Amino acid sequence: EQRLEHLDGLKNPYLFSVEQIVLLMDITPSIKTKMGIVEMLAPRCIDPKNPKAILAQFPANVEKTKCSELLSARDKMLSRGLLKKNSSKG
């Protein structure tokens, strides 16, 4: 829990790939901590369309569903941002 608080304070200026999120998840066997990492970093994920490695970290469908929802929300946010940038150029 203390490590998650530390990570929360450091994450803001950075973006993370799915691979980097998985590397952080690999430091703990705790499903609860892994979920905390995903909840914290999914909104800063640069490649949320590629969630398989994150989903593979969880044995239960409950966690997999929650991760899919978090990454899907990030993907939608990125898609909207890209559409706005592209439409303002034209």
Side-chain angles (χ1 to χ4, degrees):
E1 182 113 359
Q2 205 172 34
R3 286 186 269 181
L4 284 178
E5 288 175 16
H6 184 68
L7 178 61
D8 190 38
L10 297 174
K11 74 175 192 258
N12 283 333
Y14 303 104
L15 297 174
F16 299 87
S17 68
V18 165
E19 182 179 353
Q20 290 169 320
I21 294 170
V22 170
L23 286 173
L24 288 168
M25 293 170 71
D26 282 343
I27 31 180
T28 181
S30 167
I31 297 299
K32 182 179 176 182
T33 303
K34 288 179 187 224
M35 182 55 71
I37 291 169
V38 175
E39 288 173 342
M40 189 179 306
L41 299 181
R44 304 199 60 77
C45 184
I46 58 172
D47 57 347
K49 288 185 180 184
N50 185 23
K52 289 180 185 175
I54 290 175
L55 299 181
Q57 296 280 321
F58 297 101
N61 283 335
V62 172
E63 289 94 1
K64 290 179 183 192
T65 300
K66 177 69 174 170
C67 289
S68 292
E69 290 170 357
L70 290 167
L71 292 164
S72 178
R74 172 63 174 170
D75 183 45
K76 288 176 186 172
M77 189 173 84
L78 287 175
S79 295
R80 282 188 220 129
L82 291 174
L83 290 172
K84 287 180 184 176
K85 287 179 187 175
N86 289 339
S87 64
S88 65
K89 289 181 182 178

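Quick caveat: nothing in here was measured; it's all calculated off a predicted structure.
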task = Mind checking the CD1-CZ spacing from I21 to R44? Nearest 0.5 Å is all I need.
result = 10.5 Å
Identify every side-chain donor-acceptor pair in residues 53-65 under 3.5 Å, counting partners at least two apart or on other chains, and give the distances.
unit_1 : atom_1 : unit_2 : atom_2 : d
Q57    : OE1    : K34    : NZ     : 2.6
Q57    : NE2    : D26    : OD1    : 3.2
K64    : NZ     : F58    : O      : 3.4
T65    : OG1    : N61    : O      : 2.8

Which atom of L24 lies closest to which atom of I37, heavy atoms considered = O-CD1, 3.7 Å
request  = Locate the shortest heavy-atom distance separating F16 from L41; write the atom from each residue and the value.
outcome  = CE1-CD2, 3.6 Å
inquiry  = Counting C-beta onward and ignoring hydrogens, is there a side-chain heavy-atom pair between M35 and C67 closer than 4.5 Å?
reply    = yes
query = Within a reach of under 6.0 Å around CD of E19, are more than 12 heavy atoms found that belong to other residues, nucleotides or ligands?
reply = no
message = With rounding to the nearest 0.5 angstrom, report the CE to CG distance, M40 to L70.
response = 12.0 Å
task = State the CE-OG distance between M25 and S30, to the nearest 0.5 angstrom.
result = 10.5 Å
inquiry  = So does C45 get a backbone contact from the side chain of R74, meaning a donor-acceptor N/O pair under 3.5 Å?
reply    = yes
query = According to a 4.5 Å side-chain heavy-atom criterion applied to Ile, Leu, Val, Met, Phe, Trp and Tyr, with indirect links allowed, do I27 and I31 form part of one hydrophobic cluster?
reply = yes
ask   = Backbone N or O of P48 within a donor-acceptor pair of the D75 side chain at under 3.5 Å?
value = no
